[in-house]
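Worth knowing before you read on, the calculation uses all heavy atoms, side chains too, and leaves out hydrogens, waters and symmetry mates.
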Amino acid sequence: MDAYFSSGRSLDERVLLAQDALPRFELTSLIYDFTPVKFSHDGAVVTPSFLSMRNLPADMAKVWCEDGFYQIDPVQQLAFRSHLPFAWSYRSDGKTPLNRILAPAHKPVVDYVHDMRITCGVTVPVHMPDGECAVVTGVRQDADGDFEATIGGHVATFALYAHVLHEKIYPLFDEEALRARPISLTPRERECVAYAAQGLSAKEISKRLERAVPTVVMHLNAAARKLSATNRAQLIARAAHYRLIGTS
């Protein structure tokens, strides 16, 4: 499997190879997404910095990324809170982990997947030590009633496939995909916040940076506004949450 994915030189080629391998799992469509930060500070699911969808409706990426469906996608919510692969079904008679969490808030997503006949699949969350997360999902279009029974025999091997796929895609990400976060601070704002996290006052930071105290205060206030922080402790906590301290 490692050699199979390595035969693709570009990111797109490796995703295409992944799509071509789906029939062995009795799946028809692929979704791979990656985000450096899974949740915003108020608990909302963060739109991924990289998303690839294969053999799915042409408007689906736009609907999910631009129309807010990611934030209410129950599969994504479940993946971010689970370390195990899981099969899922949006059918009313489904008995998957997904069926136990479906709520009225998910109705736009439920209606969409039923309209597009993509109600069943299997998802593998790939959580990384520094908080990054990739989610690999295989979908079966027009799934038969026995989907849950038949997919059970493929979950373990699909999980291996998903992890290998991620390992082969991750090194090909550009800086934008790796650094994209819901909140963006300028390099100077990040520097000031990093010093504040070390316990330095604005006056002490100004000496380190050889800048005027009002300039340092301006940068700290700008960072606080972007992070909706009302005090120094909250500013530092939220900057750390978004991995804006101590990261490139």
Side-chain angles (χ1 to χ4, degrees), residues 1 4-5 14-35 38 45 47-48 51-65 67-127 133-166 169:
M1 192 177 298
Y4 174 75
F5 285 122
R14 292 183 181 182
V15 172
L16 182 59
L17 287 169
Q19 169 65 27
D20 291 342
L22 287 181
R24 73 179 67 174
F25 307 111
E26 300 185 57
L27 299 167
T28 60
S29 310
L30 176 73
I31 304 172
Y32 173 93
D33 63 68
F34 170 81
T35 179
K38 298 186 285 288
V45 171
T47 302
L51 169 68
S52 181
M53 293 184 171
R54 298 292 174 133
N55 196 31
L56 285 164
D59 71 336
M60 188 169 176
K62 176 185 179 299
V63 170
W64 254 247
C65 291
D67 297 346
F69 275 44
Y70 250 106
Q71 284 62 47
I72 58 171
D73 182 346
V75 171
Q76 200 75 12
Q77 293 170 353
L78 193 59
F80 280 173
R81 292 179 168 87
S82 173
H83 286 266
L84 298 175
F86 57 92
W88 48 267
S89 171
Y90 282 94
R91 291 173 170 169
S92 59
D93 59 349
K95 296 179 177 59
T96 67
L98 179 66
N99 300 100
R100 295 193 289 270
I101 69 167
L102 288 177
H106 303 131
K107 187 177 186 302
V109 174
V110 175
D111 289 346
Y112 183 95
V113 297
H114 278 284
D115 288 345
M116 299 301 171
R117 306 189 311 279
I118 49 175
T119 57
C120 298
V122 58
T123 291
V124 181
V126 184
H127 296 278
C133 186
V135 179
V136 182
T137 294
V139 178
R140 187 192 298 179
Q141 295 176 327
D142 296 314
D144 296 328
D146 63 348
F147 173 80
E148 292 177 43
T150 58
I151 199 62
H154 295 297
V155 172
T157 51
F158 184 77
L160 174 61
Y161 151 98
H163 280 269
V164 174
L165 170 62
H166 171 67
I169 285 181

Classify the angle between the aromatic ring planes of Phe69 and Trp64 as parallel (below 30°), tilted (30 to 60°) or perpendicular (above 60°).
tilted
Closest non-hydrogen atoms of Pro97 and Ala87, given as atom of the first, atom of the second and distance, are CD-O, 3.6 Å
Side-chain (His114) to main-chain (Arg91) donor-acceptor, under 3.5 angstrom
no
For Ala134 and His166, the nearest pair of non-hydrogen atoms, with its separation, is CB-ND1, 3.4 Å
For a quick test of reading the model, state the closest non-hydrogen atom pair linking Val124 to Pro85 and the distance between them.
CG2-CB, 3.9 Å
Using side-chain hydrogen bond (donor to acceptor under 3.5 Å, both in side chains) as the criterion, list what pairs up with Thr123, not counting sequence neighbours.
Trp88, Thr137
Can you find a heavy atom in the side chain of Tyr70 that is under 4.5 Å from one in the side chain of Cys65?
yes
Less than 4.5 Å apart, side chain to side chain, heavy atoms only: is that true for Met60 and Ile31?
yes
Is the backbone N or O of Thr96 less than 3.5 Å from a side-chain atom of Asn99, with the two atoms forming a donor-acceptor pair by type?
yes
Output the distance between atom CZ (Arg54) and atom CG (Leu56), rounded to the nearest 0.5 Å.
11.0 Å
Test item: Leu102 and Tyr90 side chains (from C-beta on) under 4.5 Å apart, heavy atoms:
yes
Flag, side chain of Gln71 to backbone of Val45, donor-acceptor distance under 3.5 Å
yes
Under 3.5 Å donor-acceptor, Arg140 side chain and Glu26 backbone
yes
Taking the side chain as every heavy atom from C-beta outward, state whether Val75 and Leu98 have any pair of such atoms under 4.5 Å apart.
yes
One should read off an interatomic distance between Lys62 NZ and Leu51 CG, to the nearest 0.5 angstrom, of 14.0 Å
Min side-chain heavy-atom separation Glu148-Lys95 under 4.5 Å:
yes
Could you grab the distance from atom CD of Gln19 to atom OG of Ser52, nearest 0.5 Å is fine?
9.0 Å
Within the 4.5 Å heavy-atom criterion, are Tyr161 and Tyr4 side-chain neighbours or not?
no
Is it the case that the side chain of His106 and the backbone of Ala103 share a donor-acceptor pair, with hydrogens and angles ignored and the cut-off at 3.5 Å?
yes
Could you tell me whether the side chain of His154 reaches within less than 4.5 Å of the side chain of Leu27, counting heavy atoms only?
no
With side chain to side chain contact (heavy atoms under 4.5 Å, CB included) as the test, would you mind laying out the steps for Ile169 and Phe34 before giving the verdict?
CA-CA 10 Å; Ile169 285 181; Phe34 170 81; over 6 Å; no
Would you say the side-chain atoms of Tyr112 and Asp59 include a donor-acceptor pair closer than 3.5 Å?
yes
Do any N or O atoms from the side chain of Ser82 and from the backbone of Ala79 form a donor-acceptor pair under 3.5 angstrom?
no
Can Leu30 and Val136 be said to form a side chain to side chain contact (heavy atoms under 4.5 Å, CB included), step by step?
CA-CA 8 Å; Leu30 176 73; Val136 182; 4.1 Å; yes
Distance, nearest 0.5 Å, that separates CG of Leu22 from OG1 of Thr28:
7.5 Å
What's the separation between atom CG in Asp146 and atom CG in Asp144, rounded to the nearest 0.5 Å?
5.5 Å
Test item: Asn55 and Gln141 side chains (from C-beta on) under 4.5 Å apart, heavy atoms:
yes
Val164 vs Phe5, test: side chain to side chain contact (heavy atoms under 4.5 Å, CB included). Steps then yes/no.
CA-CA 8 Å; Val164 174; Phe5 285 122; 3.6 Å; yes
With rounding to the nearest 0.5 angstrom, report the CG to CG distance, Leu160 to Leu165.
11.0 Å
